[in-house]
Asker: 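So that we are looking at the same thing, I have put the structure below in structure tokens.
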Amino acid sequence: MAEGLRDRKKRETRRRIADTAVALFVERGFDRVTIAEVAAAADVSVNTVYNYFDAKEDLVLPPHHGDRLAGIVRERERGESAAEAVLRRLREEAGRRDPSLGLTPGFAGFHAMMRAAPTLIARLDEIAVRMTASLADLLAAETGAASGDPLPALVAGQIGWLHAHVLSEVGKRTDAREDPGRTAAALLRLLDAIEDVLGPRVLDYARRP
């Protein structure tokens, strides 16, 4: 279905507010910028900002990020397992230097801003927990696991670990001011190593017929 004019304008307003906020946060620090200043810079009212974002942290790390892993697995290809789907997506993102992995020249400032804000670090931790929990729920439902079966949560935990490890590697290399191209190449090698470490019980789990 084609996007209507009203929906397009709402999407564009949301994006303008978020982009404006992030630019201010990177320039001055997350804790030193108020919502009123974001609203003024984006040429909207404070109420409009809160109509689109429930909290200041949502301007940087929206809650929907917590569904990332479950979303990848939900869309996996036929014959592909849950872990294979996530590995494939991460390889694709590394190969095209996707901004979602921070593989852009401007990510260093953004990353430094996040590391300096305790509330954003806490939000990252919340998102990581939510990612694993939502993936575990999906795996349990898709495999028909019995109540109390620990396997869906264990597999989700392994997949969550590999995703977090990749992001941590990006962060370390970003702090070292490494070129995004070199980081992307290093991530591809890292993903190969991670796949070798994961056992067949994880790699074969929840394979789509």
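We number each residue from 1, following the sequence as shown.
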Asker: Report yes if the side chains of His65 and Arg130 come closer than 4.5 Å at any heavy-atom pair, otherwise no.
Answerer: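 Of all side-chain heavy-atom pairs linking Arg130 with His65, none is under 4.5 Å.
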
Asker: List for me each residue that meets ring-ring contact (aromatic ring centres under 6.0 Å, His included) alongside His111, sequence neighbours excluded, and say none if there are none.
Answerer: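 Result, ring-ring contact (aromatic ring centres under 6.0 Å, His included) vs His111: Phe107.
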
Asker: Is there a path from Val73 to Ile194 through hydrophobic residues (I, L, V, M, F, W, Y) whose side chains come within less than 4.5 Å of each other?
Answerer: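 Yes: a chain of side-chain contacts under 4.5 Å links Val73 to Ile194.
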
Asker: Report yes or no: is the cationic atom of Arg14 (NZ for Lys, CZ for Arg) closer than 6.0 Å to the six-membered ring centre of Phe53, at no more than 45° off its axis?
Answerer: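 That pair qualifies as a cation-pi contact.
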
Asker: In the single-linkage hydrophobic clustering (I, L, V, M, F, W, Y; side-chain heavy atoms under 4.5 Å), do Val46 and Ile17 co-cluster?
Answerer: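 Yes; Ile17 is reachable from Val46 via cluster members.
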
Asker: Could you give the distance from CG (Leu124) to CG (Leu167), rounded to the nearest 0.5 Å?
Answerer: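 That separation rounds to 9.0 Å.
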
Asker: Arg123: what forms a side-chain hydrogen bond (donor to acceptor under 3.5 Å, both in side chains) with it, not counting sequence neighbours?
Answerer: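 By the side-chain hydrogen bond (donor to acceptor under 3.5 Å, both in side chains) rule, Arg123 matches Asp58.
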
Asker: Are Leu151 and Arg201 packed together at the side-chain level, in the sense that at least one heavy-atom pair is separated by less than 4.5 angstrom?
Answerer: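 Answer yes - side chains close enough.
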
Asker: Hey, does the side chain of Ser168 reach the backbone of Ala164 with a donor-acceptor pair shorter than 3.5 angstrom?
Answerer: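 No; judged by distance alone, with no hydrogens or angles, the pair does not exist.
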
Asker: Would you check, one step at a time, whether the test side chain to side chain contact (heavy atoms under 4.5 Å, CB included) holds for Lys9 with Leu5?
Answerer: CA-CA 6 Å; Lys9 286 187 174 181; Leu5 178 61; 3.9 Å; yes

Asker: Any non-hydrogen side-chain atom of Trp161 less than 4.5 Å from a side-chain atom of Leu198?
Answerer: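 Contact flag for Trp161/Leu198 side chains = yes.
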
Asker: Linking I/L/V/M/F/W/Y whenever any side-chain heavy atoms sit under 4.5 Å apart, do Leu162 and Ile127 land together?
Answerer: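 Same cluster: Leu162 reaches Ile127 through Ile, Leu, Val, Met, Phe, Trp or Tyr contacts under 4.5 Å.
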
Asker: Applying the salt bridge (charged side-chain N to carboxylate O under 4.0 Å, His left out) test to Glu84, which of Arg207, Arg76, Arg208 qualifies?
Answerer: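 Of the listed options, the one satisfying the test is Arg207.
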
Asker: Going through the checks in order, is the side chain to side chain contact (heavy atoms under 4.5 Å, CB included) test met by Phe25 and Leu120?
Answerer: CA-CA 12 Å; Phe25 296 155; Leu120 291 180; over 6 Å; no

Asker: Distance from Leu139 atom CG to Tyr205 atom OH, nearest 0.5 Å?
Answerer: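 It comes to 6.0 Å.
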
Asker: What's the shortest heavy-atom distance between Ala94 and Ala184, and which atoms?
Answerer: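 Between these two residues, the closest heavy atoms are O-CB, 3.3 Å.
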
Asker: Output all residues satisfying side-chain contact (heavy atoms from CB on, under 4.5 Å) with Ser134, sequence neighbours left out; order by chain, then residue number.
Answerer: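 Counting only residues at least two positions away or on another chain, Ser134 forms a side-chain contact (heavy atoms from CB on, under 4.5 Å) with Asp67, Ala70.
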
Asker: Are Leu59 and Tyr50 in one and the same hydrophobic cluster, where Ile, Leu, Val, Met, Phe, Trp and Tyr link if side-chain heavy atoms are under 4.5 Å apart?
Answerer: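 Yes: a chain of side-chain contacts under 4.5 Å links Leu59 to Tyr50.
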
Asker: Taking 4.0 angstrom as the limit, do Arg173 and Glu169 come out as a salt bridge?
Answerer: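 Yes, charged N to carboxylate O under 4.0 Å.
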
Asker: Give a yes or no on whether Arg96 atom CZ has more than 12 heavy-atom contacts from other residues, nucleotides or ligands under 6.0 Å away.
Answerer: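 Yes - once you tally the heavy atoms of other residues, nucleotides and ligands closer than 6.0 Å, there are more than 12.
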
Asker: Does the pair Leu61 and Met114 meet the rule for a side chain to side chain contact (heavy atoms under 4.5 Å, CB included), with working shown?
Answerer: CA-CA 10 Å; Leu61 298 167; Met114 287 200 303; 4.2 Å; yes

Asker: Counting heavy atoms not belonging to Arg115, are there more than 12 under 6.0 Å from its CZ?
Answerer: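 No - once you tally the heavy atoms of other residues, nucleotides and ligands closer than 6.0 Å, there are 12 at most.
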
Asker: Stepwise, does the side-chain hydrogen bond (donor to acceptor under 3.5 Å, both in side chains) test hold for Asp98 with Ser100?
Answerer: CA-CA 5 Å; Asp98 199 290; Ser100 65; 2.8 Å; yes

Asker: Taking the side chain as C-beta and beyond, is there a heavy-atom pair between Asp31 and Pro118 under 4.5 Å?
Answerer: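 Side-chain contact under 4.5 Å: yes.
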
Asker: State plainly whether the residues Arg91 and Glu195 are in salt-bridge range, i.e. N to O under 4.0 Å.
Answerer: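 Yes, this pair counts.
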
Asker: Using modelled atom types and a 3.5 Å cut-off, is there a donor and acceptor pairing between side-chain atoms of Arg16 and backbone atoms of Ala42?
Answerer: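 Checking the backbone N and O of Ala42 against the side chain of Arg16, a donor-acceptor pair under 3.5 Å is found.
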
Asker: Report the residues that fulfil side-chain contact (heavy atoms from CB on, under 4.5 Å) with Asn51, sequence neighbours left out, ordered by chain and then residue number.
Answerer: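 For Asn51 there are no side-chain contact (heavy atoms from CB on, under 4.5 Å) partners, ignoring immediate neighbours.
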
Asker: Excluding sequence neighbours, so at least two apart, what forms salt bridge (charged side-chain N to carboxylate O under 4.0 Å, His left out) with Glu75?
Answerer: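 With neighbours one apart ignored, the set is Arg89.
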
Asker: Assigning hydrophobic clusters by single linkage (Ile, Leu, Val, Met, Phe, Trp, Tyr; side-chain heavy-atom cutoff under 4.5 Å), is Leu138 placed with Val129?
Answerer: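 Leu138 and Val129: separate clusters.
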
Asker: Please find the pair of heavy atoms, one from Asp204 and one from Ser81, that lie closest to each other, and give the distance.
Answerer: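 Distance-wise, the nearest heavy atoms are C-CB, 4.1 Å.
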
Asker: Grab the two heavy atoms, one from Gly160 and one from Thr132, that are nearest each other, plus how far apart they are.
Answerer: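 For Gly160 and Thr132, the tightest heavy-atom pair comes out as CA-OG1, 4.1 Å.
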
Asker: Just wondering, do Leu135 and Val155 contact through their side chains at under 4.5 Å, heavy atoms?
Answerer: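 No, their side chains stay 4.5 Å or more apart.
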
Asker: So do the side chains of Glu57 and Phe30 get within less than 4.5 Å of each other, counting heavy atoms only?
Answerer: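 When only atoms from C-beta onward are counted, Phe30 and Glu57 do touch, with a gap below 4.5 Å.
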
Asker: Does the side chain of Leu203 reach to within under 4.5 Å of the side chain of Leu87, using non-hydrogen atoms?
Answerer: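 Yes, their side chains come closer than 4.5 Å.
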
Asker: Ignoring hydrogens and geometry, is there a side-chain-to-backbone donor-acceptor pair from Thr48 to Val44 under 3.5 Å?
Answerer: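 Absent.
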
Asker: For residues Ala136 and Pro152, report the shortest heavy-atom separation together with the two atoms involved.
Answerer: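 Heavy-atom minimum between the residues: O-CB, 3.7 Å.
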
Asker: Dump the intermediate steps for salt bridge (Lys or Arg N to Asp or Glu O under 4.0 Å) on Glu37 and Arg28, then the final yes or no.
Answerer: CA-CA 12 Å; Glu37 290 172 321; Arg28 293 166 47 195; 3.1 Å; yes

Asker: With sequence neighbours excluded, tell me which residues meet salt bridge (charged side-chain N to carboxylate O under 4.0 Å, His left out) with Lys10.
Answerer: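 Partners of Lys10 by the salt bridge (charged side-chain N to carboxylate O under 4.0 Å, His left out) criterion come out as none, since no residue qualifies.
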
Asker: Rounded at 0.5 Å granularity, tell me how far CD in Glu93 sits from CG in Leu187.
Answerer: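 It comes to 10.5 Å.
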
Asker: Is the closest side-chain heavy-atom distance between Asp43 and Thr20 below 4.5 Å?
Answerer: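 Side-chain contact under 4.5 Å: no.
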
